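As the structure is a computational prediction, the values presented were derived from the model and not from experiment. In what follows, chains are A, B, ... by sequence order, proteins preceding strands, each numbered from 1. Just the heavy atoms: all of them, side chains too, but no hydrogens, waters or symmetry mates, feed the values below.
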Amino acid sequence: MSVEFVNPEFEVIRNDNRCIACRVCERQCANEVHLFDPDRGIILSDESKCVNCQRCVSLCPTRALKIVKNECRLRENANWSDSTIKEIYKQANSGGVLLSSMGNPNPLPVYWDKILINASQVTNPSIDPLREPMETKVFLGKKPDKITRNEDGSLNCELLTQLELSMPVMFSAMSYGSISYNAHASLARASKELGIFYNTGEGGLHEDFYCYGENTIVQVASGRFGVYEDYLEAGAAVEIKMGQGAKPGIGGHLPGAKIVGDVSRTRMIPEGSDAISPAPHHDIYSIEDLRQLVFSLKEATEYKKPIIVKVAAVHNIAAIASGIARSGADIIAIDGFRGGTGAAPTRIRDNVGIPIELALASVDQRLRDEGIRNNVSLVVGGSIRSASDVVKAIALGADACYIATAAVLALGCHLCRTCQTGKCNWGIATQRPELVKRLNPDMGAERLVNLMTAWQHEIKELMGGMGINSIESLRGNRLMLRGIGLTEKELEILGISHAGE
Amino acid sequence: MKRVYVNEEWCLGCHLCEYNCAFANSGEIDMSKALKGKPVFPRVKIDGDEHINFAVSCRHCDDPICVKSCISGALSVNNGVIQIDHNKCVKCLTCILVCPYGAVSEGEHGIVQKCELCVENSCGEPACVKGCPNRAIVYEER
Ligand code: SF4
Ligand code: SF4
Ligand code: SF4
């Protein structure tokens with residue numbers, strides 16, 4: 001019916017002078033946009049199905065393809081934008097909640113871009129990382145309150161259980177189910193090679209990846225999928241997932257259609273049954289309840305593994321973090337509102353939660369004010385896009401960063417934001433074997449290692465410029481930061497001065 | 001000796017290797033000019049079904065049966081690479097018949113062709129391997 005027609009978002013432009021009708025685009029598009037017409041020997045396209053993942057563009061051997069924004073727009077209206085109106089049409093058609101994936105794409109402020117980093121000039125020397133040693137190693141976990149001595153008077157050098165990272169970045173939670181086996185294999189291998197950690201997400205740990213346990217953080221979420229003794233035993237740390245930046249306050253739902261074969265075995269639920277993660281943990285309604293789970297997990301792992309509590313950045317984050325820091329948890333992970341997801345209701349993704357920069361600054365300050373900052377390490381995520389974002393986060397008070405979107409981009413993701421369809425043409429957010437195959441973990445792991453190595457070099461250069469040779473001396477060093485174009489209130493929350501001050 | 005090996009687990013059946021091969025051996029500098037609107041005659045071919053695909057090209061056997069059976073001496077081994085001299089080929093197609101891999105084929109105008117590891121063209125390294133998006137074919141020493 002014509003009233004149901006929603007004008008496609010993209011247009012597929014094929015340069016007929018170049019196209020050799022090799023049909024690569026047709027074979028590679030899981031959305032079935034391209035179709036070979038044998039009678040005319042040409043390729044046709046149905047742009048209504050295109051999600052602009054650019055798989056075809058990347059593989060076309062003659063560079064004949066271009067995906068562009070459909071110029072056929074509705075009449076301009078600053079209040080009723082084209083996308084707002086189309087969302088209304090879609091809901092009028094379907095009656096359903098709108099779903100989307102990856103992070104919030106709306107033009108809300110990115111505070112990282114309004115923060116500038118210092119450098120040494122004249123009065124203090126900068127350091128050349130190519131000539132002098134630079135330390136990017138960090139330890140995550142509760143730090144001792146005071147120096148203690150052994151009976152013979154020597155210093156007690158025993159640390160409480162810590163995670164040792166070669167650089168202050170880890171791959172954050174993405175479950176097996178939401179991403180593919182080969183994506184997990186790439187993350188696991190790269191973490192091992194880099195000396196950092198990746199995170200199972202809430203889908204359990206595939207039996208093939210137990211061998212990467214030393215570099216794995218195993219997650220316990222509200223659905224408790226795949227959680228059992230060996231799983232907890234396998235990881236280097238256990239993360240209790242209370243919330244996620246892309247969808248604070250709601251749970252998750254992996255449809256039964258995706259619970260097949262290994263995914264079902266790994267999650268420990270029957271094939272074809274929906275994997276529903278409740279919005280809250282039904283045994284956690286208070287910090288005291290959280291403390292019980294933290295200590296249950298510590299008991300179960302014989303106090304050998306740090307416990308992480310992951311929360312979404314929401315309005316009262318400082319008070320919440322203060323509670324978590326007193327719950328016995330060793331690490332708090334905070335996920336900002338720009339964090340990605342494999343599927344979330346659009347309204348929640350785009351309107352719930354707060355920016356990670358503000359959350360981090362206020363949590364770090366609150367924990368310091370209360371004298372409990374050393375009780376926990378702080379890990380932040382939710383769209384850390386580059387080495388300079390990492391440096392800014394550390395200077396604002398984080399111990400390390402979690403990255404996921406940047407990691408999947410390295411694996412080939414083109415941010416088409418349609419992970420929820422399960423037809424990821426890059427073999428990442430899919431379980432279809434013919435698509436999963438497209439991500440060769442040899443290449444995936446190599447690209448992740450490349451990315452992290454590049455960031456590590458950049459972190460060292462930025463630190464060297466400030467005359468700092470150890471990441472530990474940068475942590476919480478807000479004097480190294482200045483704001484640009486920020487209000488008094490924003491500067492106050494970030495705890496930094498304005499540029500020029 | 002370096003040879004082209006197949007990692008069928010990673011083959012997507014995209015057929016790019018076939019087009020890269022045909023282009024590399026066309027002598028043209030533009031792929032569209034070389035291949036547009038014409039039948040293509042690649043020396044590597046994708047075989048398989050909906051579950052598995054793999055690229056088939058000459059294995060450059062240590063003891064090549066095609067060379068032994070060539071009645072005109074058109075096929076020879078040069079530094080381990082099995083090459084064909086088109087001037088000597090009499091189009092008897094015996095080599096096509098005997099190759100156990102089906103790696104020799106009839107090219108344009110019925111001329112016999114086979115993979116020569118891109119040593120005879122300007123590519124410098126096997127074009128199929130260079131263009132494979134998923135490392136499903138590799139050129140290495142084993
Ligand atoms: S991949 Fe490029 S050259 Fe091949 S059919 Fe598609 S548009 Fe044409
Ligand atoms: S969905 Fe992706 S592969 Fe398919 S036509 Fe669009 S950009 Fe190309
Ligand atoms: S993971 Fe795949 S489906 Fe999701 S945004 Fe990236 S390319 Fe698109």
A:E214, CD atom: more than 12 neighbouring heavy atoms under 6.0 Å: no

Interatomic spacing from CG in B:L35 to OG1 in A:T62 - rounded to 0.5 Å: 9.5 Å

Test side chain to side chain contact (heavy atoms under 4.5 Å, CB included) applied to A:R27 and B:H15, step by step: CA-CA 9 Å; A:R27 292 190 185 98; B:H15 294 248; 3.4 Å; yes

CG of B:N134 to CG of A:N182: how many Å apart, nearest 0.5 Å? 8.5 Å

When you look at CG of B:N79, are more than 12 heavy atoms from neighbouring residues, nucleotides or ligands closer to it than 6.0 Å? no

Shortest non-hydrogen contact from B:P133 toward A:M443: O-CE, 3.4 Å

Can you name the nearest heavy-atom pair linking A:L439 to B:W10, along with the distance? O-CZ3, 3.8 Å

Can you confirm whether more than 12 heavy atoms, excluding those of B:K38, are under 6.0 Å from its NZ atom? yes

Would you name the heavy atoms of B:H51 and A:K437 that are closest together and state the gap between them? O-NZ, 3.3 Å

So which of A:E26, A:R63, A:E446 has the biggest tally of heavy-atom pairs under 4.5 Å with chain B? A:E446

So with a 6.0 Å cut-off around NE2 of A:H206, is the heavy-atom count from everything else above 12? yes

Taken to the nearest 0.5 Å, the spacing of A:I20 CD1 from B:M31 CE works out to 5.0 Å

Need one label for A:N15: side chain, backbone, both or neither, based on atoms under 4.5 Å from any heavy atom in chain B. neither

Which portion of B:E9 sits near chain A, non-hydrogen atoms under 4.5 angstrom: backbone

Does a sphere of radius 6.0 Å around CD in A:E47 hold more than 12 heavy atoms from other residues, nucleotides or ligands, not counting ones at 6.0 Å or beyond? yes

Can you measure from CG (A:N440) to SG (B:C11) and round to the nearest 0.5 angstrom? 11.5 Å

Note: B:K36 and A:N17 closest approach over all heavy atoms is CD-O, 3.4 Å

State whether the number of non-hydrogen atoms from other residues, nucleotides or ligands found under 6.0 Å of A:E271 atom CD is greater than 12. yes

